[in-house]
Amino acid sequence: MDESTLRKLLRRVQAGDASIDEALGKLRSLPFESLGFAHVDHHRSLRCGFPEVIFCQGKTVEQVDAIFDRLAATGCNVLATRATAAMYERVRARFAKAEYNEPARCITLRQKKVRAPRGGTRVGVVTAGTADIPVAEEARVTCEILGQPARAFYDVGVAGLHRLLAHYESLQSMKVLVVVAGMEGALASVVGGLVNCPVIAVPTSVGYGASLGGISALLTMLNSCASGVSVVNIDNGFAGGYQAALIANQAGGSRRC
């Protein structure tokens, strides 16, 4: 159940088209559904504004398909991250409108139209290098299904700072920026020192041996001297995108389902 479904139910009661007992029966239904291997949280949208997101890594194709089916049955939009092509093919056999972003490894199903944000694009997704794009795309796809179209600023790292500065005015116009970088992870601090909006730093595992699988970038971002920078986990584009969409929505953007 999401907020729009609850409002429709309450309006039916108000109009006399549904009894109080009928409404109570729907509200008493379990907020989750057990599939044996998973408990699908059907009240996540009501509490948080967007349905449960499927983290596919470590799950079988059959498990992803079953969870996706139960979430889609609510009529809301569905997002699955860290999905393989085989998982997508299984889902697409049931849901022809499902889409797969291969670099992001995300499956999306759009069943409800999301109101466009007022005032244009509010979220920017920035990468240091081309190798960081898969993580950035996970962030961008997440933003967009939560109702916040995101503008990409890719391959503008500190090794060629003029590339970033060429987008200065556009970056300043954003309400929140997701900055994705590997290697030493310096880009988040640089961006944080240029803009007046929150910066969500996403360290990636891109880099040679001493980058330690993203730990170097993570520590750099955590030790940033730029005040507006916060940090999520290594390669976690989903978390960066979700946070950015929440901030943009609170700033007056769209509602999501």
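Residue numbers count from 1 along this sequence. In what follows, every heavy atom counts, from backbone to side chain, and hydrogens, waters and symmetry copies are set aside.
- Residues Val53 and Leu146 share a single hydrophobic cluster, defined by chaining ILVMFWY side chains whose heavy atoms lie under 4.5 Å apart.
- In summary, the side chains of Arg105 and Thr84 do not present any donor paired with an acceptor at a separation below 3.5 Å, with no hydrogens or angles considered.
- Taking CG of Asp155 as the start and CG of Leu164 as the end, the distance is 11.5 Å to the nearest 0.5 Å.
- Judged by distance alone, the side chain of Ser216 and the main-chain N or O of Ala210 form a donor-acceptor pair under 3.5 Å.
- Ion pair Glu138/Arg82 flagged as a salt bridge, since at least one NZ, NE, NH1 or NH2 atom sits closer than 4.0 Å to an Asp/Glu carboxylate oxygen.
- Although no hydrogens or angles enter the test, the distance criterion places no donor-acceptor pair under 3.5 Å between the side chain of Asn223 and the main chain of Thr220.
- Side-chain atoms of Asp235 come within 3.5 Å of backbone atoms of Ser205 as a donor-acceptor pair (strictly under, hydrogens ignored).
- Not one N or O on the side chain of Glu102 forms a donor-acceptor pair closer than 3.5 Å with the backbone of Ala85.
- Nearest heavy atom pair, residue Leu109 against residue Ala98, reads CD1-N, 3.8 Å.
- Gln111 places none of its side-chain heavy atoms less than 4.5 Å from the side chain of Lys97.
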Practice item. Report the C-alpha distance between Phe238 and Phe55 in whole Å, list the side-chain angles of each, state the deciding distance to 0.1 Å, and finish with yes or no for side-chain contact (heavy atoms from CB on, under 4.5 Å). Key: CA-CA 10 Å; Phe238 164 73; Phe55 180 71; over 6 Å; no
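- Taking hydrophobic clusters as Ile, Leu, Val, Met, Phe, Trp and Tyr residues chained together by side-chain heavy-atom distances below 4.5 Å, Ile215 does not share a cluster with Met183.
- Under the 4.5 Å side-chain heavy-atom criterion for ILVMFWY residues, no single connected hydrophobic cluster contains both Val206 and Leu218.
- In this structure, the side chain of Gln63 engages the main chain of Thr60 through a donor-acceptor pair within 3.5 Å.
- Between Cys56 and Met87, the closest side-chain pair of non-hydrogen atoms falls below 4.5 Å.
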Practice item. Go through Arg110 and Glu144 one step at a time and tell me if the side-chain contact (heavy atoms from CB on, under 4.5 Å) criterion holds. Key: CA-CA 10 Å; Arg110 291 171 172 82; Glu144 293 193 345; 4.2 Å; yes
Practice item. Decide side-chain contact (heavy atoms from CB on, under 4.5 Å) for Leu194 and Leu171; before the verdict, give the C-alpha distance in whole Å, the side-chain angles of both, and the deciding distance to 0.1 Å. Key: CA-CA 9 Å; Leu194 292 174; Leu171 294 170; 5.5 Å; no
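- Remark: of the listed residues Arg94, Lys59, Arg70, Arg94 is the sole one forming a salt bridge (Lys or Arg N to Asp or Glu O under 4.0 Å) with Asp65.
- Looking at every heavy atom in both residues, Lys112 comes nearest to Gly75 through CG-O, 3.3 Å.
- Side-chain contact between Leu177 and Cys197: present, with at least one pair of heavy atoms (C-beta onward) separated by less than 4.5 Å.
- Hydrophobic clustering (side-chain heavy atoms under 4.5 Å, transitive across Ile, Leu, Val, Met, Phe, Trp, Tyr) groups Val64 together with Ile67.
- Looking only at distances, a side-chain donor or acceptor of Tyr100 sits under 3.5 Å from a matching main-chain atom of Ala83.
- Using a distance-only test at 3.5 Å, with no hydrogens or angles considered, a donor-acceptor pair links the side chain of Asn236 to the main chain of Ala239.
- Across every non-hydrogen atom of Ser211 and Tyr208, the tightest pair is OG-O, 2.6 Å.
- Val232 has its side chain within reach of Ile200: a pair of non-hydrogen atoms, C-beta onward, lies under 4.5 Å apart.
- A distance of 5.5 Å separates CD1 of Ile145 from CG of Leu79, quoted to the nearest 0.5 Å.
- Looking at every heavy atom in both residues, Gly182 comes nearest to Asp132 through N-OD1, 3.4 Å.
- Of all heavy-atom pairs spanning Val125 and Ala150, the tightest one is CG2-CB, 3.9 Å.
- Closest non-hydrogen pair, Val141 versus Ala104, comes out as CG2-CB, 4.2 Å.
- Using a 4.5 Å cut-off on side-chain heavy atoms (C-beta onward), Val78 and Thr108 make no contact.
- Side-chain contact check for Val178 versus Val126: every heavy-atom pair is 4.5 Å or farther apart.
- Between the CG atom of Leu187 and the OG atom of Ser224 there is a distance of 10.5 Å, given to the nearest 0.5 Å.
- In this structure, CD1 on Ile54 lies 7.5 Å from CD1 on Ile107, to the nearest 0.5 angstrom.
- Under a 4.0 Å N-O distance rule, the pair Arg92/Glu99 does not qualify as a salt bridge.
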Exercise for review: Take Arg90 and Glu62, measure what salt bridge (charged side-chain N to carboxylate O under 4.0 Å, His left out) needs, and give me the verdict at the end.
Suggested key: CA-CA 8 Å; Arg90 180 68 173 263; Glu62 293 76 17; 3.6 Å; yes
Exercise for review: Given ring pair (Phe, Tyr, Trp, His ring centres under 6.0 Å), test Phe95 with Phe68 step by step and report yes or no.
Suggested key: CA-CA 10 Å; Phe95 302 100; Phe68 201 102; 5.7 Å; yes
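- Side-chain contact between Val176 and Leu246 is absent, with no heavy-atom pair separated by less than 4.5 Å.
- Contact of the Val180 side chain with the Thr204 side chain is registered, since non-hydrogen atoms from C-beta on lie closer than 4.5 Å.
- Side-chain contact annotation: Thr142 with Arg140, donor-acceptor N/O pair under 3.5 Å absent.
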Exercise for review: Please test Gln148 against Arg122 for side-chain contact (heavy atoms from CB on, under 4.5 Å), starting from the C-alpha separation and ending with a verdict.
Suggested key: CA-CA 7 Å; Gln148 291 293 340; Arg122 295 169 173 268; 3.7 Å; yes
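- Rounding to the nearest 0.5 Å gives a distance of 11.0 Å between CD of Glu52 and OG1 of Thr74.
- Both Leu212 and Val231 belong to a single network of hydrophobic side chains, linked directly or stepwise wherever heavy atoms of I, L, V, M, F, W or Y lie under 4.5 Å apart.
- From Thr127, atom OG1 reaches atom CZ of Phe153 across 11.0 Å, with rounding to the nearest 0.5 Å.
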